[in-house]
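Below is the structure I would like to discuss, written out as structure tokens.
Keep in mind it's a predicted model, so treat the numbers as computed, not measured.
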Amino acid sequence: ALPPARRFAVLTCMDARIDPARALGLEEGDAHVIRNAGGLASDDAIRSLVISHHLLGTQEAFVIGHTNCGMETFSNDELRETLRERQGLDTSHLDFQPFPDCSERVAASVRRIRESGLLPESFDVHGFLYHVETGRLEPVDA
């Protein structure tokens with residue numbers, strides 16, 4: 001079916017060590033999965049959640065960050081300099097949105113989704129930190 005059977009969406013990182021289906025016990029068709037670098041509630045991720053809810057019936061979302069996230073390992077200036085040196089690229093106009101603490105970033109993404117005004121108050125949003133070493137999911141307070 002087009003709508004997800006379990007009526008929820010997952011926003012998580014693109015990190016190859018995370019398999020959302022396996023980590024959450026999902027089967028094909030159970031949930032929408034939205035992935036980007038860092039699992040951030042970007043404008044595009046929120047756009048996807050709005051479509052997921054308003055057109056396809058999801059009732060909640062899970063924002064899942066993870067330990068040892070690569071987004072914690074660089075700054076905008078460091079990546080911009082690397083790209084300038086290696087490729088001759090000017091990326092001064094881009095914000096790569098690195099962050100120093102994944103749990104804080106998950107909480108900020110949960111708040112951003114809730115405060116977007118594009119989803120009803122009844123749309124639940126939950127935050128979690130996935131431990132890549134153990135597979136454990138730890139709730140994150142927003």
Side-chain angles (χ1 to χ4, degrees), residues 3-142:
R6 293 181 55 187
R7 299 175 57 135
F8 67 83
V10 176
L11 171 58
T12 193
C13 188
M14 66 184 197
D15 191 299
R17 296 172 294 173
I18 300 171
D19 179 348
R22 186 172 32 165
L24 301 172
L26 301 175
E27 298 292 330
E28 186 175 318
D30 277 350
H32 288 149
V33 178
I34 303 158
R35 297 180 81 152
N36 63 36
L40 306 178
S42 63
D43 288 347
D44 191 59
I46 291 174
R47 175 189 68 88
S48 294
L49 289 171
V50 167
I51 292 167
S52 179
H53 171 70
H54 290 288
L55 298 181
L56 297 167
T58 57
Q59 298 301 308
E60 61 188 325
F62 298 93
V63 178
I64 303 174
H66 66 92
T67 56
N68 303 316
C69 185
M71 297 297 286
E72 297 173 314
T73 66
F74 66 91
S75 69
N76 269 323
D77 288 340
E78 290 168 339
L79 183 53
R80 288 177 183 140
E81 182 61 20
T82 297
L83 292 171
R84 187 190 63 72
E85 287 176 359
R86 291 184 187 169
Q87 304 293 320
L89 299 174
D90 176 10
T91 57
S92 59
H93 62 287
L94 289 176
D95 180 357
F96 293 99
Q97 300 182 49
F99 48 83
D101 183 280
C102 196
S103 290
E104 288 179 16
R105 186 53 133 179
V106 167
S109 286
V110 168
R111 287 190 302 272
R112 186 160 193 262
I113 293 165
R114 287 180 180 159
E115 295 168 1
S116 72
L118 300 172
L119 294 157
E121 286 185 29
S122 62
F123 187 84
D124 290 329
V125 186
H126 314 277
F128 291 90
L129 184 66
Y130 176 78
H131 292 264
V132 294
E133 304 83 10
T134 64
R136 190 176 122 246
L137 279 173
E138 173 187 334
V140 173
D141 290 328

## Note on the structure
Taking every heavy atom of Asp30 against every heavy atom of Gly25, the minimum-distance pair comes out as OD2-O, 4.4 Å
### Query
Out of curiosity, Tyr130 OH to Leu24 CG, how far, rounded to the nearest 0.5 Å?
9.0 Å
### Query
Of the non-hydrogen atoms in Ser109 and Ala41, which two are nearest, and what is the gap between them?
OG-N, 3.2 Å
### Task
Working to the nearest 0.5 Å, report the span between CG of Leu137 and CD1 of Ile64.
5.5 Å
### Task
Look up atom SG in Cys69 and atom CZ in Arg105, then write down how far apart they are to the nearest 0.5 Å.
10.0 Å
### Query
When you look at Leu40 and Phe99, which way does the side chain to side chain contact (heavy atoms under 4.5 Å, CB included) test go after all the steps?
CA-CA 10 Å; Leu40 306 178; Phe99 48 83; 3.8 Å; yes
### Query
Excluding sequence neighbours, so at least two apart, what forms salt bridge (Lys or Arg N to Asp or Glu O under 4.0 Å) with Arg84?
Glu81
### Query
Between atom CD1 of Ile46 and atom OG of Ser116, what is the distance when rounded to the nearest 0.5 Å?
5.0 Å
### Message
Using 0.5 Å steps for rounding, measure from the CZ atom of Arg35 to the CG atom of Asp15.
### Response
7.5 Å
### Task
Output all residues satisfying salt bridge (Lys or Arg N to Asp or Glu O under 4.0 Å) with Arg111, sequence neighbours left out; order by chain, then residue number.
none
### Query
Between Pro4 and Ala31, what is the shortest heavy-atom contact and its length?
CB-CA, 3.6 Å
### Query
Are any non-hydrogen side-chain atoms of Leu79 and Thr91 less than 4.5 angstrom apart?
no
### Message
Please list all pairs meeting side-chain hydrogen bond (donor to acceptor under 3.5 Å, both in side chains) that have one or both residues in residues 52-66, counting only residues at least two apart or in different chains.
### Response
His32-Ser52, Ser52-Thr58, Glu60-His126
### Any side-chain heavy-atom pair of Asn36 and Asp44 under 4.5 Å
no
### Query
CD1 of Ile51 to CG of Leu118: how many Å apart, nearest 0.5 Å?
11.0 Å
### Message
For Arg114 versus Ala142, what's the shortest heavy-atom pair and its separation?
### Response
NH1-CB, 3.9 Å
### Query
Distance only, no hydrogens: is a donor on one side chain within 3.5 Å (strictly under) of an acceptor on the other, for Ser75 and Asp77?
no
### Query
Can you name the nearest heavy-atom pair linking Leu11 to Ala45, along with the distance?
CD1-CB, 3.9 Å
### Query
For Val140 and Val110, what are the C-alpha separation, side-chain angles and deciding distance, and is it a side chain to side chain contact (heavy atoms under 4.5 Å, CB included)?
CA-CA 9 Å; Val140 173; Val110 168; over 6 Å; no
### Query
Within a reach of under 6.0 Å around CD of Glu85, are more than 12 heavy atoms found that belong to other residues, nucleotides or ligands?
yes
#### Entry: Listed once per pair and sorted, the side-chain hydrogen bond (donor to acceptor under 3.5 Å, both in side chains) pairs that draw on residues 93-103, sequence neighbours left out
Asn76-Asp95
### Query
Does CD in Glu133 sit with more than 12 non-hydrogen atoms of other residues, nucleotides or ligands closer than 6.0 Å?
yes
### Task
Identify the two heavy atoms, one from Pro3 and one from Leu56, that lie closest to each other, and give their separation to 0.1 Å.
CB-O, 3.3 Å
### Message
When you compare the side chain of Phe8 with that of Leu26, does any pair of heavy atoms fall below 4.5 Å?
### Response
yes
### Task
Sequence neighbours left out, what passes salt bridge (Lys or Arg N to Asp or Glu O under 4.0 Å) with Glu104? Give chain and number order.
none
#### Entry: salt bridge (Lys or Arg N to Asp or Glu O under 4.0 Å) against Asp43, all qualifying residues, sequence neighbours excluded
Arg112
### Message
Quick check against the 3.5 Å criterion: does Arg80 have a side-chain atom that pairs as donor or acceptor with the backbone of Leu94?
### Response
yes
